[in-house]
Student: 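I am attaching a structure below and will ask some questions about it afterwards.
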Amino acid sequence: MRHDFPFRLYVRSPGRCHRGCTARYFFLPYFSGTSGETETRAGWLGFAIVIALVSFLGAMATIWGTKETKNLIRESTEKIRLRDVFKVLGKNDQLMWLALSYFLFALGYTITNSLLIYYFRYVLGRQSDYYLVGVITAILGMVSVALFPVMVKWVKRKTIYTGGIIFMLCGYVLFLTAGHHLIPVLVAVSLYFFPYPMIFLAALMTITDSVEYGQLKIGNRNESVTLAVRPLLDKLAGAISNGIVGIAAVLAGMTGNALPSDISSHGLSIFKLFIFFGPMILIAIAALLYFFKIKLSEEKHAQIVQQLEHKLSTK
């Protein structure tokens with residue numbers, strides 16, 4: 001099945017594949033045995049096998065490498081009714097502020113990532129080089145995740161979250177000045193992607209700590225409900241970006257059989273508004289919200305745990 005332009009392939013579900021589109025773009029042509037524009041049944045089968053294998057190994061690593069800690073705090077979990085879920089979440093102010101911050105961050109990042117294929121096709125005119133994004137982000141992702149445990153020993157999560165976003169904004173600025181040159185664009189991609197895994201992990205750890213925060217404040221432990229917030233936000237951001245990407249492509253004229261030379265300066269300005277300026281505003285607000293509203297630091301969480309242990313042990 002031949003795709004003469006990426007609109008059908010990438011706009012239909014960018015929210016569901018904002019971390020996988022690059023991998024799909026790389027593996028499909030490889031297993032299809034083509035130059036990069038034809039997808040075959042063998043290509044999809046090979047891609048599915050790779051995803052299944054990676055998912056299985058990831059699940060096994062989690063099972064073999066982690067152990068659940070049982071203590072008095074975790075054993076005090078109480079069941080809640082479905083109608084009480086939003087009431088419980090609403091009372092956890094730290095979770096709500098973090099949810100808003102992370103949602104804005106995820107939305108901005110997803111929009112840029114989903115529109116990146118359009119940048120390579122219609123701005124650079126080098127769609128065949130898009131696989132380099134996958135190679136670079138795969139390597140940087142592993143390095144970033146590996147560095148996170150080291151980073152948290154030296155700096156606080158708030159520094160990682162807000163500092164990482166500042167790092168990403170530098171990448172956006174470089175993007176704006178890169179023009180039609182591939183190397184600066186790839187450097188810009190590296191700058192804006194490298195801190196992403198660390199920001200994600202910092203947010204995830206803060207959400208995890210908000211379980212005990214909510215337990216102390218509300219009196220009930222709602223671990224499953226609290227931890228379900230993050231994937232819900234990712235899905236919501238992906239769904240919204242799905243529509244935004246489609247609108248951006250239509251308004252910029254990046255549809256049908258359009259060529260890079262067909263994109264007007266007005267269309268390019270609209271495209272930059274969606275891929276750069278809008279996401280920059282979203283993630284900048286996300287950083288400000290986290291910096292000023294999140295008080296649940298590592299030290300604060302340790303104090304909460306001590307209070308909970310004392311409270312539960314004296315019952």
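Residue numbers start at 1 and run along the sequence shown. Side chains included, hydrogens not; waters and symmetry mates left out as well; all remaining heavy atoms used.
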Student: Ignoring hydrogens and angles, write down the donor-acceptor pairs under 3.5 Å from the side chains of residues 261-283, residues two or more places apart or on other chains.
Tutor:
residue, atom, partner, partner atom, Å
D262, OD2, L259, N, 2.8
S264, OG, G267, N, 3.0
S269, OG, S265, O, 2.9

Student: Could you list the residues that satisfy ring pair (Phe, Tyr, Trp, His ring centres under 6.0 Å) with Y290, not counting sequence neighbours?
Tutor: Y161
Student: For T206 and R157, does a side-chain donor sit closer than 3.5 Å to a side-chain acceptor?
Tutor: yes
Student: Applying salt bridge (charged side-chain N to carboxylate O under 4.0 Å, His left out), can you list everything that pairs with K91, at least two apart in sequence or on another chain?
Tutor: none
Student: With D93, which residues qualify under salt bridge (charged side-chain N to carboxylate O under 4.0 Å, His left out), at least two apart?
Tutor: K217
Student: Of the non-hydrogen atoms in A237 and L107, which two are nearest, and what is the gap between them?
Tutor: O-CD1, 3.6 Å
Student: Would you call M168 and F105 a side-chain contact if the rule is heavy atoms closer than 4.5 Å?
Tutor: yes
Student: According to a 4.5 Å side-chain heavy-atom criterion applied to Ile, Leu, Val, Met, Phe, Trp and Tyr, with indirect links allowed, do L204 and M151 form part of one hydrophobic cluster?
Tutor: yes
Student: For F148 and I160, what are the C-alpha separation, side-chain angles and deciding distance, and is it a side-chain contact (heavy atoms from CB on, under 4.5 Å)?
Tutor: CA-CA 9 Å; F148 182 77; I160 293 176; 3.9 Å; yes
Student: Could you pull out all donor-acceptor pairs under 3.5 Å where a side-chain atom in residues 182-192 meets a protein atom, sequence neighbours excluded?
Tutor:
residue, atom, partner, partner atom, Å
S190, OG, L186, O, 2.9
Y192, OH, N113, OD1, 3.0

Student: Would you give me the side-chain donor-acceptor pairs under 3.5 Å for residues 54-63, sequence neighbours excluded?
Tutor:
residue, atom, partner, partner atom, Å
S55, OG, I51, O, 2.8
T62, OG1, G58, O, 3.0

Student: Indicate if Y131 and M142 have the same hydrophobic cluster label, given that clusters are the connected sets of ILVMFWY residues with side-chain heavy-atom separations under 4.5 angstrom.
Tutor: no
